[in-house]
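The first residue of the sequence shown is numbered 1, and numbering continues consecutively from there. Heavy atoms only: backbone and side chains are in, while hydrogens, waters and symmetry mates are out.
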Amino acid sequence: MFPRRFALLCAVVFPFFAGQAATFTYATPPSGIRKVYGSAPFQFGYLTVPEKRANPAGPQIQLAVVILRAKQATGALPIFFLTGGPGGSATTTAAFFEVFPALQKTHDIVLIDQRGTGWSSPFLGVFSGTYASAREGFLNQGIDLTAYNTTENASDIADLRTALGYSSIILFGNSYGSFLAQEVMRSHPTGIAAVVLDGVLPATDTFLPRFNQNTLHGLNALFRDVQKTGPARRAFPNFSRTYFQLLTQLRKRPLRMDDGFKITLDDFQGTISALLQSSERIRVIPLLVTEIAARRGSDFVRRYFSFSEDRRDFALGMYLSTLGTDWNQPNWLDLTRRTDSKLRPIVFREANAPSSLSVIFGVRAWQVPYFPQATRNPLSSTIPTLLLSGDMEAQTPPDGAKVVAARLPNSFVLNFPRSGHITGFTPGPPMNALVQFVNNPSARPRYSLASLRRANFYATRVPEKTARDRESERPLRFLR
């Protein structure tokens, strides 16, 4: 119902609590979280806050929190991770990306499921029916959908810091999480010692109107790089043509590989968008596209269409509420149509523009008034900040880091080749730079780009995998 690539994408009844100050209580974790972490140690609890701070005596909600304690007691500041979407779940993220174990060596890692998401309650998941019927269901439960937005989210982060007893913390925000982090820096700067913004969404960005444009930017950067890289150019001499011909075919009907595996247009575009997120994934895209175009089914192809996603990974209701509050400006639909009309080639526009328009119509059906408060104002701050970006960014604006850094005098902007939306989450120069910064926010990180610039960067042949290889492969996780 909802394209996976759009999330920057069964109503359950939960109890509300009587009005009280924000509190944190340790609790037994849900089975879904225990399954992700297995035998690895972690702590779990709930932050209880007002659903709407304008009505502190009204209904209270619970936000799920996972705490990964530092392996070494060095006194390093804790790191609060803010994931994207909006609507994504953070509590299970650390099990899938190597940056978190690297940071946990000396830092506490705090993962919070933002209001309405993940294992927080209420959970604003929408899995069937129309947007209007889902909205009506939440309203019948007494849920105020206007309370699920960036302004309230930022206050939740400030309350969590206080409730956990941390005098100072480091924020780490990705995608929408970078937008949320900017609001925390603006409205709740107390106790924020440093910030990492990754896959940066500027406060002033219109979000959806540029979404398809951003995707095309990432693809074109990939096409250019393959063309100028000798081994890849020889292995994939007509890569961009192959890609768009495949898109044309998928618009007509799903493709079936010679082993019977079926790929739809949404599967294909969602997978490519996810692979454009990090260097280790980008390197396989030309080979994967070529194999699909040749209809060669294999474990290699299937692996990249088997993302690890749980029903709690994304809360569509939270996505719609936040987009309505923070981005659904009066000219949003017209602006999106005008921007999409300029997309070329035409097959790309035809394959992508309808989905972006459907999201806008979904936001309108959700009927949450546009009321961004301060969230869309440019941020000015002296808090030390590291801004990470990749030259194949395909979800947030490619110039996002520079736009935000213009008003942050104590900031470092690092742009990495052959990297994308989650630059810094997997081993390599960006992750090394991120770890250096959180350990010393006053110094510009030092790193080498040699591993990202090598001539044999792109995979040119399908690897032979043993059973042990398959067992040890880390499941893919799509970050919105």
Residue pair Ser298, Phe261: steps toward the side chain to side chain contact (heavy atoms under 4.5 Å, CB included) verdict:
CA-CA 9 Å; Ser298 65; Phe261 185 63; over 6 Å; no
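- Among Arg224, Arg418, Arg234, Arg454, the one residue that satisfies the side chain to side chain contact (heavy atoms under 4.5 Å, CB included) test with Thr229 is Arg418.
- For Arg312 and Phe123, the positive end sits near the middle of the six-membered ring, less than 6.0 Å away and at most 45° from its axis.
- A salt bridge links Arg210 and Asp205; the closest N-O separation between the charged side-chain nitrogens and carboxylate oxygens is under 4.0 Å.
- Salt-bridge formation is not detected for the pair Arg295/Asp258: no Lys NZ or Arg NE/NH1/NH2 atom is positioned less than 4.0 Å from an Asp or Glu carboxylate oxygen.
- Look at Asp259 and Arg296 and you find no salt bridge, because none of the NZ, NE, NH1 or NH2 atoms lies under 4.0 Å from a carboxylate O.
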Note to self: Show, in sequence, the C-alpha distance, side-chain angles and deciding distance for His421 and Asn174, and conclude whether the side chain to side chain contact (heavy atoms under 4.5 Å, CB included) test is met.
What the structure shows: CA-CA 8 Å; His421 192 57; Asn174 172 252; 4.3 Å; yes
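- The ring-ring contact (aromatic ring centres under 6.0 Å, His included) test with Phe172 is passed by exactly one of Phe97, Phe81, Phe80, Phe437: Phe81.
- Note that CD of Glu393 is 8.5 Å distant from CD of Gln277, once rounded to the nearest 0.5 Å.
- A salt bridge links Arg115 with Asp156: the closest approach of a Lys/Arg side-chain nitrogen to an acidic carboxylate oxygen falls below 4.0 angstrom.
- For Arg444 and Phe412, the positive end is not near the middle of the six-membered ring at less than 6.0 Å and at most 45° from its axis.
- Looking at Thr150 and Tyr176, their side chains do bring a donor and an acceptor atom within 3.5 Å of each other.
- Side-chain rings of Tyr319 and Phe314 approach one another, their centers coming within less than 6.0 Å.
- Residues Leu414 and Ala433 share a closest heavy-atom pair of CD1-CB, 3.7 Å.
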